[in-house]
Amino acid sequence: MIEIPKAYEPQSVEDKWYDFWVKQNCFTADPARVSEKRPAYSIVIPPPNVTGVLHMGHVLNNTIQDILARKARMDGKEVLWLPGTDHAGIATEGMVAKQIRKEEKKSKQDIGREEFLKRVWTWKEKHGGIIIAQLKKLGCSCDWTRERFTMEPDYVRNVQRVFVDLYKKGLIYRGKRMVNWCPATLTALSDEEVEMKPQKGFMYHFKVEVAKSAALGSATVPVADSGISPISSSRTAIPVGETSTGAGETPALPGPDGKIWLTIATTRPETIPGDTAVAVNPKDARYAHLIGKHIVRPLPAELPREQKLIPIIGDEHVDFEFGTGVLKVTPAHDKADFDIGTRHKLPLIEVINADGSMNDLAGADLKGLDRFKARKVAVEKLTELGALVEEKPYENNVGFSQRADVPIEPRLSEQWFLKYPAVEKSKACVEQEDRTGLGGTGYQPVTVGNLPTVSEASGRLPGATGQWPVPPGQKMRFHPQRWAKVYDHWLTNIQDWCISRQLWWGHQVPVWSCSCNSSEEFTKAKIAYDYLLVEQLERADLVVRPKGALEFTGESVSVSIRKIKEELGFSSFEEAIKEHFRRQTEGYGSGSLQVCIGPDSLEVAEKLEKEFGFTQDPDVLDTWFSSWLWPFATMGWPEQTETLKAFYPTTDLVTAPEIIFFWVARMIMAGYEYMGELPFRDVYFTGIVRDKQGRKMSKSLGNSPDPLELIAKYGADAIRFGTMRSAPLGQDVMFDEKDVELGRNFCNKLWNACRFRQMVGSDGSQTEGEINPTLLTSDDKWILLRLDQAIREVSDALAGYNFSSAVQTLYRFFWSEYCDWYVEASKAAMGNTEGGTRNAEQEKLKANKLAVMDFVLGHTLRLFHPFLPFITEELWHGMGFNRELPEDRGGKTIVFATWPKPFSEEERTYFGLDDAADKIASAKYELVSLGRSLRRELKLDPAKKLKFTLKPAGELPANEVEVLKLLLNAEAVEIVAQTWTPAKGTPSASNSLGELFLPTTGLIDFTAERERRAKEAEKIRAEVEKVRQKLTNPSFAQKVPAAVLAEHQQRLAGWETKLRQVELSLENLPEA
RNA sequence: GCGCGCUUAGCUCAGUGGUAGAGCAUUACCUUCACACGGUAGGGGUCGCAGGUUCGAAACCUGCAGCGCGCACCA
C-alpha cells in the first residue's frame, strides 16, 4: 500500500481479487479433505435461467449464499457451493422463437424441430455465460469447476432415468384431462404456473326456453339416471317453504306465453355453443321440478332447434345463491364443468382451438374469431335474439399463464401426469411450528438461542453435513418457519403434476409408441411387443406398456376377458368374450404400444424407430422435472461419487418463497425417493425485492435497477452491503438505491480507517505487534470489549440467518464505536505533541495503541469478509495482516482466515477487560457529549478553542484528561480539586466521571443558558415523577422482584441528584 | 371464503413484560492534517384502534380496521 487513494476505488480491486481466488482454487471443493475436523458444508445454487440476466432477486439470494459459504470456509469447513443454470423451457424457447420471427419472419414450425433446437443451442452458447459472469462480478464464491446445466448429457440421462423409474412404478401416466392451456405458448401448464388475477369483465344474464317434453326428439342427449342421487331426488319432493335453506321461494312456472324461461348467468357467452347441459341444484325448489327436461341452447343461431336441445341436470355443485342458480355446463372448456360432465356422462363439444380462436362448431358467427372478440359477438347475437336479459360489470378471478401473461384456457388434452412420490415422508420431515410448546415428538426445535456459542461453532453444528443420517425425529427447518405451514398445506392438497409441455426445448419424453391403424401395423406391433418382452427381461430401464387391443395380446384369454368385462361394465361374460375376439381380430386402431426407454437402452429405441415405425413422444418435460433432481443429479448421481458422499445432503438452501412448490417441495420428494434422505437441512426463504413504493420489481414496470450498473457505480461490496442491510428477516425487501450508496460510503469509511492506521504508523514496524496489557488505556479496553460484543452478535445473527441484524451490528461497531470514539480518542496518543518531541513512554503507548488497532482491524476485516469480500481482501493484504499467518489460515487470502472468536475468560483476565475500564471509557464519552452540547447550546463561536474545567469524581489519570481535551476540541481541560467552586453562573454538565465546567466569562448568553437549564430540569422532573409514581404504588413494592425494585430506586436517586444539580446551577445563574 | 404476515419518528426497520431505539432523511454549524462517500450538535413518536390480563403492555390475550401475500371449481 504505497500510494493510498483518498477514496476506495472498487473497480481497480474487484476483478483482480476474483481472478486471484479462482486461480488459487479457493472455491474448489475437495471431498478428500473432508474429515471429522474439517466437516463438509454445501449449498446448491437455485439455478438461474441459462439465458437470463442478473436482477435484484439474484443479488439478494446469491449474496446470502455467498455469506454462508464464506463464513463456513472461515469456520474451517470444506465448502461446496455448486453453481449452474437451468434450461428454462418456455422462456428460452420463447426468446429464440421471437428472434427467428423477427429476423427471418419464420415460425419454429417453418424451420423444423431439429433446426430449431440447433438455434436454441447457439443462443445458449451466446447468452448462457452472461448470468454466470454476473454472479462472478457479485463476488460469488461458487465452485466453477463443478458448474452444471440441466440440459447437459449427464443431466439428460438422469432425467430419463428418473422418468423411467417413475413410469415403471406406475406414477407417471398419460391421460386425457382438463389442463391449463396457454394459448400464447401453445402448451399445457401445471397448476403452479397459473396465477389468479382479478379481472374486470361483465356478467351476462340470458334466458333460455324450457322445451316441452313433447318437443323432445330422439336426437337429444338422454339424461343419465345416475346423475341424481336418491337423496336429492327425494329432496326435490319437499314442499316449497320447507327447505332448510329457504332459497328459491317459487318454482319456475310457465309464463303468460305458456313457456317456462330460465335465466342463466355467465361471464363467457362465447362458450354457449359448447354447452351440453344446464345444471341446477337438486335441492333448489325453484328448479328441481325441471330436472330431466330440456332447454333450447341459443347458439349457434343457425342450428335447427332440435339440435340445440340440451338437458337440465341436477348437480350438487351448483350454488343456488350464486347468479341465477342455473349453471350452463361447458364440459370441454371449464374444469368444474368437465367434472359435472363426467358425473353425468355429458358429451363434449370443443368450440375453441388451441390458439384461442373459435372453431366451426362455435357456429358461423363466431367461427375463426379470437375468444375475446367472440365474446363480444356472442353478446351481440344474444341481444339480437332477444335472449340477453342483463349485462352488468363484474370482477372475477381469471387464471393467467405466468409466463405469457394471457388468460389460461381450460382445455381437454392428452398429457403426461405424475403422481408425486414420497409425499407422506416429505410432509412429515419439515418441522412445523409448535404452538403448544409441549413438543409432542420430543424434538426440541433448535432456535438461535440453542445454537452452539461462537467458540463451539468452529466444530460442527448438530445435524450438519457429516452427521447423516439425521437421528429420527430431527427435521428439516424452514426459516422463517411460517413457510412450513404453507408447504404443509400444499402437500395436503396435492394434485397430480402435469409434466408434459408442448415445446421443443427441453427433455423429450422418453416414451416411444407405434400406431395401429391397419391390420399390418397391428401385426407388426404384436411382433414388436414380443421383441420388447424379451428385451425387458435383461433391461432395467425398459418398460413396455400395451394399450387398448394390444393390452390383451400378452395375457391369457381369461384375464383379458375378465378385464374387458370389468372395463366396459358388461353384465355377462358372453359379451366380454365377443369383445375379446373382436379386438383380437379387428382391434387395431384402438391399440398401441407405449415403450418407456431409459438412457442405457437407447439402441432399442433406435431399432423400434427403424424397424417397427415407432416414434418418440414429441412433448418435452416441465423444466422443474429436471430441477427437482438438482441437489443430487449435479453431484454425479447415480454413481456414489466422492462428491455425493461428502456433500449430500446439502447443508443450506437459500431460495425465494415463490418457488416453494415449484422447486423446494419437489426437491424434497425427489430427495427421499432417490437418495432416501432429505436433500438439505435448513431452508432460508428470502423476501421479495420490491421498489421503494412497495411494488414487486418487474421488467414491464421497469422499476428494477440493473445490478451490474449499480456494481459499476458503487462496487460489488456496496450492493451486497446495502442489500443485506435492508433485508429484514422474513420480510420483503424495500430496495432503494440509497442503500447501495450507503454501502459504498461504508466501504469508504473502512478504507479510510485503514488508511489512517497506515498514516499514523508509517514507520511500518508495529504491524500486529504484541499487545502489552499493562499499557492498555480505558479506551483500548473499551474497544476490545465492543469488538468482543460485535463478534458475538454477528456470529449469533448468522447462525440464525439474520443477515440484516449482522450487518447492523457491523455498522454500529465499526462506524460508531471504532471510528467515532476509539479512533478519535486514539489521536490523543498519535498526533504530534505540541511540545514537539515525544518521550519514550509516549512512544511505547503509541506503539501499543497501534497494536490494538491492528488487532481490532484484523478482526474487523475477517468479520466483514463474508459480506464485503473484495475490500476486505484488498485491505487484508494492504495492511499486511496476512504476513505472519500460515498459508491456509489467512496467509494467502482472507478467504481462509479464521472466523473471529470472542475472548475466553483467560484472555479477558490477561487484558484486564473488566467492568471498571469499560465504565470509565463510557462515562468519558458521555461527558464529552455533554460538554459538546454545552458549547453548542451556549451558542459559542465554534471556531474558538475553549478551556474546560473538570472536577473529577475520583482518580483520573492524565492520559484520560488528554483524551477528554482532544474529544472536546478544547484548548485545555483544567483539573480542579473537590473544594473548588465555580464562579456564579458557570455552565456545567456532570455524570459519574465528574463535573465539567465551561468558565466563559463574558462570552455567555445567560438567557439562552437559563432556558436550556430550565428545559433540562423539566425533563428530569418528568422522569423523576414517572419513577416516583411507580414506586409509590403500594402493590409495586409488594409484587415486583427485588432486583427490579432496587433498579427503580437507584434510578430515582439518580434522577433526583441530577435534578438537584440542575436546579442549583439554575439558581446560580446571574440575572441576564 | 380460509390461511399467513404486516401496522413503532417523514422513510426503511430493530425492539417478546421494567427509562421507546438505529440508519437514512431533515435542521444548524464545521472544509480541524483518515474519510464531505466526512464531522459535531439538535428537532422529531399517545408504538393502527378498542377492550382485557398485569404492580407495570410497543411487547401477552380478545375483538376491530387498514395494507400485503398465499390458497380455493363460485358460473
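Treat the numbers as computed from the prediction; the structure is a model and nothing was measured. Order of the sequence lines fixes the chain letters, A, B, ..., with proteins taken first and strands second; residue numbering starts at 1 for each chain.
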Find every protein N or O atom lying less than 3.5 Å from an N or O atom of nucleotides 72-75 of chain B, and list the pairs.
unit_1, atom_1, unit_2, atom_2, d
B:rA72, N6, A:Asn397, ND2, 2.9
B:rC73, O2, A:His317, NE2, 2.4
B:rC74, O2, A:Asp319, OD2, 2.9
B:rC74, N3, A:Asp319, OD2, 3.2
B:rA75, OP2, A:Tyr394, OH, 3.1
B:rA75, O2', A:Ala265, O, 3.0
B:rA75, N6, A:Asp319, O, 2.5
B:rA75, N6, A:Phe322, O, 3.0
B:rA75, N1, A:Asp319, N, 3.3

Quiz item: What pairs with A:Glu741 under side-chain hydrogen bond (donor to acceptor under 3.5 Å, both in side chains), at least two apart in sequence or on another chain?
Solution: none
Quiz item: Which residues satisfy the salt bridge (Lys or Arg N to Asp or Glu O under 4.0 Å) test with A:Glu193, sequence neighbours excluded?
Solution: A:Arg501
Quiz item: Taking a pair as Watson-Crick (N1 to N3 plus N6-O4 or O6-N4) or G-U wobble (N1-O2 and O6-N3), both under 3.5 Å, which stems of 3 or more consecutive pairs involve RNA chain B?
Solution: B:1-7 with B:65-71, B:10-13 with B:21-24, B:26-30 with B:38-42, B:48-52 with B:60-64
Quiz item: What residues form a salt bridge (Lys or Arg N to Asp or Glu O under 4.0 Å) with A:Lys197, not counting sequence neighbours?
Solution: A:Asp405
Which protein N or O atoms sit under 3.5 Å from an N or O of nucleotides 53-56 of chain B?
unit_1, atom_1, unit_2, atom_2, d
B:rC55, OP1, A:Lys1039, NZ, 2.1
B:rC55, O4', A:Ser1035, OG, 3.1
B:rC55, O2', A:Asn1033, ND2, 2.8

Self-check item: C1' spacing across the pair B:rU8 / B:rG44, given as an integer number of angstrom
Solution: 14 Å
Exercise. Tell me, please, which residues at least two apart from A:Arg375 pass salt bridge (Lys or Arg N to Asp or Glu O under 4.0 Å).
Key: A:Glu270
Quiz item: Could you run down nucleotides 34-39 of chain B 5' to 3' and tag each one B, S or - for protein heavy-atom contact under 4.0 Å?
Solution: BBSBSS
Self-check item: Base-contact (B) and sugar-phosphate-only (S) positions in nucleotides 6-16 of chain B, heavy-atom cut-off under 4.0 Å, - elsewhere
Solution: S-----SSS--
Quiz item: Considering only B:rC71, B:rG5, B:rG18, which nucleotide approaches the side chain of A:Arg482 most closely?
Solution: B:rG5
Quiz prompt | Residue pairs fulfilling salt bridge (charged side-chain N to carboxylate O under 4.0 Å, His left out) with at least one residue in residues 329-341 of chain A, sequence neighbours excluded | solution = A:Asp191-A:Lys335
Quiz item: By side-chain hydrogen bond (donor to acceptor under 3.5 Å, both in side chains), which residues pair with A:Asn281, not counting sequence neighbours?
Solution: none
Using distance only, find each side-chain donor-acceptor pair of residues 721-734 of chain A under 3.5 Å and give its atom names and separation, not counting sequence neighbours.
unit_1, atom_1, unit_2, atom_2, d
A:Thr723, OG1, A:Ile719, O, 2.5
A:Ser726, OG, A:Gly722, O, 3.1
A:Ser726, OG, A:Thr723, O, 3.4
A:Ser726, OG, A:Asp739, OD2, 3.4
A:Asp732, OD1, A:Ile688, N, 3.0
A:Asp732, OD2, A:Arg690, NE, 2.7
A:Asp732, OD2, A:Arg690, NH2, 3.0

